[in-house]
Participant: 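Below are the structure tokens for one structure; questions will follow.
Counting convention: from 1, in listed order, for ligands and their atoms alike.
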Amino acid sequence: MSLKNADLSDAPVRCVFRVNFHFMKIGERVMEQTLILIKPDGLKKSLTGNILTRLSETKLDIVGAKMIRVGRELAEEHYKALKDESYFEELIKYIMGEYHKKKVMALIYGGEDAIQKVRDICGKTNPEEADSVSIRGAYGRITTKGVYENVIHASACSEEAEREIKLWFSPDEIIDDDIYDVKIVKETIKHKKWAE
Ligand code: IDP
Ligand code: MG
């Protein structure tokens with residue numbers, strides 16, 4: 001079954017203008033980057049391997065990856081467009097890991113048409129409506145409190161991808177050409193080093 005454009009009708013209102021302002025043109029190919037989060041329920045259910053295997057079908061490159069403990073500030077900033085929704089507080093607790101594990105795996109995938117390719121494999125937001133061969137259709141559920149626990153987040157459009165990549169990653173953590181403007185700064189910061 002083809003998942004092509006499986007959730008176009010499902011795209012958030014903020015993404016209706018699907019204009020790519022940020023991309024690298026290599027030859028005739030338009031290279032994008034997109035943010036993926038394996039959410040706390042995906043980690044708790046040991047789905048990391050399955051999800052990465054499904055994502056490898058896109059033939060995109062992993063250009064960033066890390067584990068993050070999500071604090072309230074990051075959670076609320078990530079989902080700020082949904083702050084008036086009835087399920088917002090439950091959503092924040094969910095992404096902070098209060099119901100599963102207190103971490104998420106954050107990844108950036110890069111390549112041609114990366115944003116839509118990943119969204120297609122993820123499937124619709126509501127796991128009950130998602131194609132059963134999509135990641136969310138196969139592994140998601142709706143809780144008794146009404147939150148869609150859909151195991152994975154993926155940027156929905158180029159504006160969202162830029163905002164989310166800049167929120168979750170610094171340019172140094174991305175092993176790819178810079179597709180957003182960067183500046184070089186020299187700063188002295190305290191950080192942990194290995195003690196011999
Ligand atoms: P998306 O994750 O497919 O981009 P968004 O509308 O951005 O969908 O919603 C973010 C997250 O909020 C969803 O992945 C899901 O976990 C949760 N969510 C969205 N809509 C609902 C809803 O109507 N009820 C409960 N949870 C929802
Ligand atoms: Mg979204």
Participant: Is there any N or O on Thr125 that sits under 3.5 Å from an N or O of ligand 1?
Facilitator: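 By distance alone, the answer is yes.
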Participant: Which of the listed options, Leu91, Leu37, Thr143, Ile95, holds the heavy atom that is closest to atom 11 (C) of ligand 1?
Facilitator: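 Checking each option, the heavy atom nearest atom 11 (C) of ligand 1 is found in Leu91.
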Participant: Give a yes or no on this: more than 12 heavy atoms of other residues, nucleotides or ligands lie within 6.0 Å of atom NZ of Lys66.
Facilitator: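 Atom NZ in Lys66 is crowded, with more than 12 foreign heavy atoms closer than 6.0 Å.
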Participant: One residue to check: Arg136. Relative to ligand 1, which of side chain, backbone, both or neither has a non-hydrogen atom less than 4.0 Å away?
Facilitator: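 Contact part for Arg136 vs ligand 1: side chain (C-beta onward).
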Participant: Between the side chains of Lys80 and Glu164, is the shortest nitrogen-to-carboxylate-oxygen separation below 4.0 Å, so that they form an ion pair?
Facilitator: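 No.
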Participant: Might you point out which heavy atoms bring Tyr180 and Lys166 nearest each other, and give the distance in Å?
Facilitator: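 Smallest interatomic distance, heavy atoms only, reads CB-CE, 3.7 Å.
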Participant: Considering the heavy atoms of Arg119, write down every atom of ligand 1 situated less than 4.0 Å from one of them.
Facilitator: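 Answer for ligand 1: 1 (P), 3 (O), 4 (O).
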Participant: Under 4.0 Å from a heavy atom of Val147: give me the atoms of ligand 1 that qualify, with their elements.
Facilitator: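 Those atoms are 25 (C), 26 (N).
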Participant: Any side-chain to backbone donor/acceptor pair from Thr34 onto Tyr109? Under 3.5 Å, distance only.
Facilitator: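 Judged by distance alone, no pair lies under 3.5 Å.
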Participant: Decide yes or no on salt bridge (Lys or Arg N to Asp or Glu O under 4.0 Å) for Glu77 and Arg163, but give the supporting numbers first.
Facilitator: CA-CA 10 Å; Glu77 182 61 27; Arg163 190 184 84 83; 3.5 Å; yes
Participant: Hey, which of Thr143, Ile92, Leu82 is the one that makes side chain to side chain contact (heavy atoms under 4.5 Å, CB included) with Tyr87?
Facilitator: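 The passing option is Leu82.
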Participant: Just verifying a value: how many Å separate Ser46 OG and Ile51 CD1, rounded to the nearest 0.5 Å?
Facilitator: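 The OG atom of Ser46 sits 10.5 Å away from the CD1 atom of Ile51.
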Participant: List ligand 1 atoms under 4.0 Å from Lys39, heavy atoms only on the residue side.
Facilitator: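 What qualifies from ligand 1 is 13 (C), 14 (O), 16 (O).
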Participant: What part of Glu160 sits under 4.0 Å from ligand 1 if we count only heavy atoms: the side chain, the backbone, both or neither?
Facilitator: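 Under 4.0 Å from ligand 1, Glu160 contributes no heavy atoms.
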Participant: Within a radius of less than 6.0 Å around NZ of Lys103, do more than 12 heavy atoms belonging to other residues, nucleotides or ligands occur?
Facilitator: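 It does not: Lys103 NZ has 12 such atoms or fewer within range.
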Participant: Check if Gly146 has a non-hydrogen atom at a distance under 4.0 Å from any atom of ligand 1.
Facilitator: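 It does; at least one heavy atom falls under 4.0 Å.
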Participant: Under 4.0 Å from ligand 1, counting heavy atoms only, is it the side chain of Tyr148, its backbone, both or neither?
Facilitator: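 It is both backbone and side chain that touch ligand 1.
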Participant: Give yes or no for whether the N/O distance cutoff of 3.5 Å, strictly under, is met between Tyr94 and ligand 1.
Facilitator: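 No: no nitrogen or oxygen of Tyr94 is under 3.5 Å from one in ligand 1.
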Participant: Please work out which of Val151, Leu82, Asn150 has its closest non-hydrogen atom nearest to atom 13 (C) of ligand 1.
Facilitator: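 Heavy atom nearest to atom 13 (C) of ligand 1 belongs to Asn150.
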